[in-house]
Amino acid sequence: MTPTQLAERILDILHQLAEAGTAPGVLAGVTQVRVDRPKDRAHGDWATNVAMQWASRAGMRPRDLAEAIAEPLRAVDGIQAVEVAGPGFLNVVLDAAASGAVIPDILAAGDRYGASDALAGTPIDLEFVSANPTGPLHLGHTRWAALGDSIARLLRFAGADLTTEYYINDFGSQMDTFASSIYHRVLGEDVAEGEYPGEYVVQLAQRIVAEHPEVRTLPAPEALALCKEEGYRLQLAENRETLARFRVEFDVWFSERRLHTTGADGQSAIQRAIAHLRDQGHVYDKDGAVWLRTTTFGDDKDRVMIRADGEPTYFAADAAYYLDKRGRGFGETIYLLGADHHGYIGRLKAIAQAAGNDPDELVCLIGQLVSVDGAKMSKRAGHIIELGDLIEWLGEDALRYWLARYPADTPLALEGEKLRRRTNDNPVFYVQYAHARTVNVARHAAEAGVTGDGFDASTLTHPTEEALIARLVQFPDVTGHAAALREPHRVARYLEQLAADYHRWYDQCRVVPLGEAPIEAVHHSRLLLNEAAEHVFRIGLDLIGVSAPERM
RNA sequence: GCGCCCGUAGCUCAGCUGGAUAGAGCGUCUGACUACGGAUCAGAAGGUCGCAGGUUCGAAUCCUGUCGGGCGCACCA
């Protein structure tokens with residue numbers, strides 16, 4: 001019996017009590033019973049506070065209501081004991097056989113254990129990273145890459161119809177600055193003030209010269225155009241490759257230029273977006289510029305869409321991009337933004353409302369910035385740490401795991417030396433080692449003739465077994481919450497707890513009998529428990545984009 | 001000035017959207033290997049959950065205020 005099944009039984013009992021008139025009718029209105037694993041094992045295998053939550057509405061004392069539930073609950077098959085404790089908790093102890101019965105279910109579910117269809121329905125768009133193609137990906141992007149990809153995996157695991165998307169800012173003045181920076185390097189000059197000083201620009205220039213020697217002698221406008229397009233192509237390809245190495249893939253690479261080019265109707269997507277918003281009555285002209293009245297929707301100030309010089313702003317492109325997404329059928333659009341962009345939330349939500357949509361369908365997830373060993377990194381400061389270098393230095397597993405194990409809204413420090421260590425300090429190795437151990441145990445079991453045939457859950461009675469099973473059973477709840485809240489760190493933290501439970505069990509219970517001791521049902525049963533743990537480690541690690549090595 | 005995020009063990013951080021005696025790792029101290037990998041396990045010490053009010057059976061969690069730290073407030077992208 002799983003806690004979910006237990007919760008259903010308790011719900012049934014409440015409804016029956018209400019129906020039979022032995023308890024107040026309001027209890028028929030209970031729709032959900034939450035069952036938790038108590039911290040203190042003296043409080044049973046599972047506990048619920050439902051009696052305390054509903055006692056006042058039912059006009060009963062919490063302990064009386066709890067007792068009313070406890071009585072029929074004791075008669076349920078698989079339940080060993082039910083106790084009313086403290087102010088009105090219901091503490092439930094299950095039979096070992098009933099607890100362990102979940103093991104074959106986990107194995108039967110295979111890679112789908114923990115998956116659901118909870119988020120099935122409206123298509124969701126998730127945009128993240130979206131770094132400018134004018135330079136390599138750096139530390140500031142790594143967190144969103146890891147987090148965004150893990151969120152994507154979680155949402156899909158929960159049944160979401162999800163599209164991941166990378167918005168390429170390949171339009172506007174920074175592309176000209178980029179081109180000009182490269183061109184200076186092509187000519188062997190230093191870059192000008194305000195241009196990109198990085199060494200990577202020199203390398204881009206060298207590659208462009210190698211492939212297009214004529215760039216040196218072309219008239220400046222043509223040479224600049226060549227530098228821009230070739231630099232763009234090379235840099236984007238490199239960033240894409242780096243992300244792939246980081247196990248981050250996108251379904252859609254969306255070019256900002258698409259929003260500026262005129263279509264068959266002679267209008268650009270931006271112009272169409274402005275026209276649409278104007279129809280809604282939220283656009284006005286002032287001081288030679290075109291404005292969106294975002295203050296109607298709680299923004300601090302109205303925003304310019306077309307500047308006085310006729311150029312559309314970045315904000316206008318944002319609006320057009322948003323409308324493009326909606327036009328592609330997405331009901332929910334999620335943006336992963338750094339803390340330094342949180343000022344955008346108000347205006348983005350204003351766009352959604354001005355377009356006539358529910359602002360709650362435009363979700364902004366804000367993450368705090370990352371530092372390395374205390375030193376904050378930003379592109380402007382010139383001190384750039386590239387994602388590619390980080391991967392090489394720490395390995396993609398350690399890096400992805402570390403970035404995934406903290407909630408997005410906590411500041412995060414990359415402790416490089418710790419991440420390079422292959423010890424208990426480093427949680428990714430702790431978890432991966434536990435997985436490797438499951439594989440190792442299975443290998444020894446196979447050699448010794450422990451097959452798993454004759455599985456009998458009632459033999460799994462050791463406290464460490466009971467704890468390990470209880471942990472495995474909680475996995476679907478963890479993935480469900482992690483997906484609903486878009487919080488992959490829950491999975492990582494769970495895996496660390498699972499690893500601790502697994503190591504404790506390994507320390508206490510042998511799958512392969514010692515020496516000449518006979519193979520008994522308990523050994524076969526333990527082998528399947530071991531396999532169930534292996535499954536959950538593998539599934540969980542995959543959800544955060546970390547490998548599950550069989551040997552380390 | 002306005003807005004968002006964060007203040008939990010010596011350090012780095014969890015705390016399942018209100019539950020029972022606030023947890024983990026590291027660090028410190030003490031133990032466990034002729035047996036499935038010791039990259040492991042057992043135990044000890046370590047706390048005014050920034051501070052002050054409020055909500056209620058019950059608050060680290062929710063509300064208000066306050067102090068401290070980070071970030072943001074463009075006809076830039």
Side-chain angles (χ1 to χ4, degrees), chain A residues 34 36-40 42-43 47 49 52-53 55-56 61-62 85-89 91 132 134 169 171-175 177 256 286-291 300-301 303-315 317 338-346 366-369 376 405-413 415 418 421-427 429-430 432-434 436-437 440-445 447-448 450 464 474 477-478 480-482 484-485 487 489-490 492-494 496-497 499-500 502-515 517 526 530 551-552:
Chain A
R34 190 163 142 185
D36 294 308
R37 177 80 173 170
K39 276 175 283 194
D40 186 344
H43 296 144
N49 60 358
M52 286 182 290
Q53 292 189 318
S56 65
R61 289 188 306 193
F89 289 102
N91 297 337
N132 290 346
T134 55
N169 297 127
F171 185 91
S173 61
Q174 91 276 3
M175 288 300 287
T177 306
E256 184 189 350
K286 195 184 91 180
D287 302 336
V290 178
W291 300 69
D300 304 335
K301 49 172 295 187
R303 306 288 167 177
V304 171
M305 302 192 83
I306 304 289
R307 301 192 312 219
D309 65 7
E311 285 298 309
T313 60
Y314 190 78
F315 175 71
D340 53 343
H341 285 72
H342 76 252
Y344 288 20
I345 300 176
I366 294 297
Q368 297 296 310
L369 304 176
K376 286 233 176 72
R405 97 183 265 267
Y406 298 97
D409 53 13
T410 52
L412 187 155
E415 295 173 57
K418 177 189 279 191
R421 245 174 272 156
R422 319 190 90 211
T423 65
N424 217 352
D425 298 35
N426 191 347
F429 284 107
Y430 183 74
Q432 286 183 316
Y433 178 59
R437 216 170 212 188
N440 197 49
V441 165
R443 193 171 59 239
H444 279 274
E447 286 165 6
V450 180
T464 61
Q474 288 169 281
D477 278 343
V478 172
H481 282 146
L485 300 172
E487 292 183 344
H489 77 275
R490 289 169 188 278
R493 299 288 172 165
Y494 168 85
E496 289 168 34
Q497 293 175 319
Y502 181 79
H503 287 308
R504 274 193 282 271
W505 172 72
Y506 174 91
D507 198 57
Q508 295 285 318
C509 300
R510 293 190 55 92
V511 172
V512 178
L514 278 178
R526 284 173 177 167
N530 183 73
R551 291 176 191 273
M552 297 177 67

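So that the names make sense, note that chain A is the first sequence line, chain B the second, and so on, each numbered from 1.
- Nucleotides B:G15 and B:C5 are separated by 16 Å at their P atoms, to the nearest Å.
- You'll find that the side chain of A:K301 is closest to B:A74, out of B:A77, B:A74, B:C36.
- Annotation: side chain to side chain donor-acceptor pair (under 3.5 Å) contacts of A:R490 (sequence neighbours excluded): A:E487.
- As judged by a 4.0 angstrom heavy-atom cut-off over every strand, A:A339 is placed among residues touching the sugar-phosphate backbone only.
- In this structure, A:R510 has no salt bridge (Lys or Arg N to Asp or Glu O under 4.0 Å) partners at least two apart in sequence or on a different chain.
- When heavy atoms are screened at a 4.0 angstrom cut-off, A:P62 is found touching no nucleic acid atom at all.
- Partners of A:A445 according to the side-chain contact (heavy atoms from CB on, under 4.5 Å) rule, which considers only residues two or more places apart in sequence or in another chain, are A:V450, A:V511, A:V512, A:L527.
- Under the 3.5 Å distance criterion, the side-chain polar atoms of A:D287 are left unmatched by any main-chain donor or acceptor of A:A289.
- Atom NE2 of A:H503 and atom C1' of B:A39 are 8 Å apart (whole Å).
- We find that CZ of A:R303 is positioned 7 Å from P of B:A74, with the value rounded to whole Å.
- For the pair A:E447 CD and B:C36 C1', the interatomic distance rounds to 10 Å; values are reported in whole Å.
- Distance check on atom C1': B:G68 versus B:A52 gives 15 Å, rounded to whole Å.
- Shown here for A:A85 and A:N91, the closest heavy-atom pair between the two residues is CB-ND2, 3.3 Å.
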Each nucleotide N or O in nucleotides 16-23 of chain B that has a protein N or O under 3.5 Å away: list the pair and distance.
unit_1, atom_1, unit_2, atom_2, d
B:C16, O2', A:H481, ND1, 3.0
B:U17, OP1, A:R34, NH1, 3.0
B:U17, OP1, A:R34, NH2, 2.8
B:U17, OP2, A:R34, NH1, 3.2
B:U17, OP2, A:R34, NH2, 3.3
B:G19, N7, A:N49, ND2, 2.7
B:A20, OP2, A:K39, NZ, 2.8
B:A20, N6, A:N91, OD1, 2.7
B:A20, N1, A:N91, OD1, 3.2
B:A20, N1, A:N91, ND2, 3.2

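- Comparing the P positions of B:C16 and B:G10 gives an interatomic distance of 22 Å, to the nearest angstrom.
- Residues A:P38 and A:A47 share a closest heavy-atom pair of CG-CB, 3.8 Å.
- A:Y406 meets the ring pair (Phe, Tyr, Trp, His ring centres under 6.0 Å) test with A:W402; sequence neighbours excluded.
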All N/O contacts under 3.5 Å from nucleotides 28-34 of chain B to the protein, with atom names and distances to one decimal?
none

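- Here the separation of B:G23 from B:A42, taken at their P atoms, is 16 Å to the nearest Å.
- A:H503 is linked by a ring pair (Phe, Tyr, Trp, His ring centres under 6.0 Å) to A:Y430, A:Y433, counting only residues two or more places apart in sequence or in another chain.
- Rounded to the nearest Å, the gap between the C1' atom of B:C49 and that of B:U34 is 49 Å.
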Counting primed atoms, P, OP1 and OP2 as sugar-phosphate and everything else as base, the B/S/- map of nucleotides 1-10 of chain B against protein heavy atoms under 4.0 Å is --BBSS----
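- Between the OH atom of A:Y406 and the P atom of B:G15 there is a distance of 12 Å, rounded to whole Å.
- Using a 4.5 Å heavy-atom threshold, the side chains of A:Q368 and A:T410 count as separate.
- Toward the 5′ end of RNA chain B lies the nearest nucleotide of A:R405, the other residue of the pair A:R405 and A:Y433 mapping further downstream.
- When the C1' atom is compared between B:G72 and B:C11, the two are found 30 Å apart, to the nearest whole Å.
- Here B:U64 is in the anti range [glycosidic angle more than 90° from 0].
- Nucleotides B:A24 and B:A9 have their P atoms positioned 14 Å apart, rounded to a whole Å.
- Taking atom OH on A:Y494 and atom P on B:C13, their separation rounds to 25 Å, with Å as the unit.
- Note: A:H341 and A:Y344 have perpendicular aromatic rings, judged against thresholds of 30 and 60 degrees for the angle between ring planes.
- Sparse packing is recorded around CZ of A:R61, with 12 or fewer heavy atoms of other residues, nucleotides or ligands lying under 6.0 Å away.
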Let's test your reading of the pairing rules: Watson-Crick or G-U wobble, both distances under 3.5 Å, then write RNA chain B as a dot-bracket string with ( ), [ ], | and dots. (((((((..((((.....[...)))).(((((.......))))).....(((((..]....))))))))))))....
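- Between A:R34 and A:Q53, the closest side-chain pair of non-hydrogen atoms is not below 4.5 Å.
- For the C1' atoms, the distance from B:G25 to B:A39 is 14 Å, rounded to whole Å.
- Here A:R504 does not reach the OP1 or OP2 of B:U40: none of its side-chain N or O atoms lies under 4.0 Å away.
- Residue A:Y506 is classed as a base contact, given a heavy-atom separation below 4.0 Å to a base.
- Separating the CD atom of A:Q432 from the P atom of B:U40 is a distance of 13 Å, rounded to the nearest angstrom.
- Among the nucleotides B:C36, B:A77, B:G72, the one closest to any side-chain atom of A:D340 is B:G72.
- With rounding to whole Å, A:E311 atom CD is found 16 Å from B:A74 atom C1'.
- Applying the ring pair (Phe, Tyr, Trp, His ring centres under 6.0 Å) test to A:H444 and every residue at least two apart in sequence or in another chain returns nothing.
- Among B:G15, B:A77, B:U40, the nucleotide with an atom closest to any side-chain atom of A:H489 is B:G15.
- Considering only residues two or more places apart in sequence or on other chains, A:R437 meets the salt bridge (Lys or Arg N to Asp or Glu O under 4.0 Å) condition with none of them.
- With sequence neighbours left out, A:Y506 forms a ring pair (Phe, Tyr, Trp, His ring centres under 6.0 Å) with no residue at all.
- Between A:Q474 and A:R37 the shortest heavy-atom distance is NE2-CB, 3.7 Å.
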